[in-house]
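All remarks here apply to the structure that follows.
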Amino acid sequence: MKMQSTQLENSLLNSLSKKESSFTLGHSSNPSPIVVPGQTIGMLGGGQLGRMMILEGRRLGYRFVVLDPASDSPAGQVADEQIVGAYDSPMAIEQLMEKSDLVVYEFENIDPDTVRMIESIKPLPQGSDLLCWTGHRGQERKVLQDAQIPIASYQVVTSKAKLVEAIEQIKLPCVLKVLTGGYDGKGQWVISTLDDPFPPAEIIEKGILVEKFVPYVKEISVIVARGISGEMEVYPPVMNIHRNQILHMTISPAPIKEGIRERAEQIAYRLANQLQFVGVLAIEMFVLADGTILVNELSPSPHNSGHITMDTTNPCQFEQFMRAVTGLPLRKSVRKNTGIMVNLLGEHQEAFFEQFAKLPSCAKVHLYGKSVARVGRKMGHINFVGDSLSDLLELINEMSIWEPLSGQEWEAFVAIANIK
Ligand code: ADP
Ligand code: MG
């Protein structure tokens, strides 16, 4: 990957050496040029996040060109143009830059070297810094620790012997996580006893994060947008329920006590301020029974748990993202109603289509245009909006698309809650 990036860099720098960029990423004292409606935004990645960014960006009058290895990608379908090519193909990247006035990335598992190289030639307000370490769990923990953000105790090891030592120090139960490339719980092992299956040696040797298993009662997340001039907007915490480590449901606002909400938002402001990023950052947090908050994970782009803002909050996370990266002022986020987002995975598709025509009007459907449904693949989501979270939960529980909430999930909903 590294070598490919160097080749990519050389080739692009040669071909583009005469085209100088007038762009400098500025702060309030050195404002950046604003990309105006009518100009074209190039997008690295063609997934559903990109699709929803584009749908909002189009409302604001921007044009889009998407680079994705697959034709007919979710974002490509709604863009003005799609380039089909690999992210490390010099030809494809050159084409993307030729056609774009500004470039964004829509997902986090993209090679930071590619982003860095594009950034040296074209405006790329999100920058590559955040991406460098949110894509590496060890570096992410280090940045959080340096910023004095509370996290679970952890170590990074590269051998089985050191792994056992680390477990002895951190104490069971532990969670082992690959350093790069994991998502939706992939590349994770929960270790309750030393007899539990460990990752294979070749995976450990690449580096593995050993982390204390957190006995949380609730998972929440906070989304924060930060503009080019440093202005920030935080969305109040939402509660997340995962099934098989994939997000199943987001409840907005999170039923938590007022003091916990305030602390979670403070963590988000503090992080956003220290990281000086541009765009949207999602912060996943664990809340313990005594109200302690530990940060679990950061995501440097709009997040699945922010999809509920599309129907409950004005502006939604995708509009706020487009505003942040184009240099338009952020808008104060105003919540219109409460809501619950439920993901539609491949395995829910059949039951969903049976009910599609008769869904109540409080169910707002968002489909991603993916033609092949696989188990665990995110095909879309439904936002249920209304005045009472309990009523919405009851409605969702009665639908035969998803398994109703289990006793444990229901307990998580009511734990340390402030439900009206
Ligand atoms: P990803 O979302 O990238 O797959 P996460 O680190 O967020 O990775 O882990 C996925 C889920 O696994 C979390 O949302 C949480 O439910 C569970 N999990 C992860 N780390 C821990 C931990 N240290 N203790 C308890 N549960 C955890
Ligand atoms: Mg996560």
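Any value given below was found using the heavy atoms of this structure, including those in side chains, with hydrogens, waters and symmetry copies removed. Note that ligands are numbered from 1 as they come in the structure, with each ligand's atoms numbered from 1 the same way. The structure presented is a predicted model; accordingly, all values stated were derived computationally and were not measured.
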Nearest neighbour in protein (non-hydrogen) for atom 4 (O) of ligand 1: G185 N, 2.5 Å

Does any non-hydrogen side-chain atom of W402 lie less than 4.5 Å from one of I382? yes

Spacing of I293 atom CD1 and I256 atom CD1 [to the nearest 0.5 Å]: 7.0 Å

Around the Mg ion (ligand 2), list the protein N/O/S atoms within a radius below 2.8 Å, excluding water molecules. E284 OE1, E284 OE2, E297 OE1

Nearest protein heavy atom to atom 23 (N) of ligand 1, by residue and atom, and its distance? E211 OE1, 2.8 Å

Hey, which atoms in ligand 1 end up nearer than 4.0 Å to a heavy atom of Q188? 4 (O), 5 (P), 6 (O), 8 (O), 9 (O), 10 (C), 12 (O), 19 (C)

Aromatic contact between Y87 and F107, with the criterion being ring centroids under 6.0 Å apart: yes or no? yes

Could you identify the single nearest non-hydrogen protein atom to atom 2 (O) of ligand 1 and state the distance to 0.1 Å? E297 OE1, 3.1 Å

Please could you name the atoms of ligand 1 that Q245 approaches to less than 4.0 Å, counting only its heavy atoms? 11 (C), 12 (O)

For V214, the atoms of ligand 1 under 4.0 Å from one of its heavy atoms are 22 (C), 23 (N), 24 (N), 25 (C)

Are any of the side-chain nitrogens in R261 or E258 under 4.0 Å away from the carboxylate oxygens of its partner? yes

Rounded to the nearest 0.5 angstrom, the CG-OG1 distance for L60 and T326 is 7.0 Å

Any idea which atoms of ligand 1 are less than 4.0 Å away from a heavy-atom of E219? 13 (C), 14 (O), 15 (C), 16 (O)

Heavy atoms only: which of F286, Y154, Y216 lies closest to atom 21 (C) of ligand 1? F286

Could K160 and E205 be called an ion pair, given the rule that one side-chain N must be under 4.0 Å from one carboxylate O? no

Give the atoms of ligand 1, by number and element, whose distance to some non-hydrogen atom of E284 is under 4.0 Å. 7 (O)

To the nearest 0.1 Å, how far is atom 6 (O) of ligand 1 from its closest protein heavy atom, and which atom is that? K177 NZ, 2.8 Å

Electrostatic pair R226-E231, nearest N-O below 4.0 angstrom: no

R58/D80 salt bridge by N-O under 4.0 Å criterion: yes

E211: which of Q188, K177, R137 passes side-chain hydrogen bond (donor to acceptor under 3.5 Å, both in side chains): K177

Does the protein place a non-hydrogen atom closer than 4.0 angstrom to atom 19 (C) of ligand 1? yes

Please determine if E347 and R377 form a salt bridge, counting it only when a charged side-chain N lies under 4.0 Å from a carboxylate O. no

Report the part of R137 in contact with ligand 1, treating N, CA, C, O as backbone and CB onward as side chain, heavy atoms under 4.0 Å; options are side chain, backbone, both, neither. side chain

Below 4.0 Å, non-hydrogen atoms only: which portion of N240 touches ligand 1? Side chain, backbone, both or neither. neither

Short side-chain donor-acceptor distance under 3.5 Å, Y235 and E265: no

Provide the number and element of each atom of ligand 1 under 4.0 Å from a heavy atom of V175. 21 (C), 22 (C), 23 (N), 24 (N)

Ionic contact status for E202 with K206, cut-off 4.0 Å: no

Taking all non-hydrogen atoms of both residues, which atom of Q82 and which atom of A70 are closest, and how far apart? OE1-O, 2.9 Å

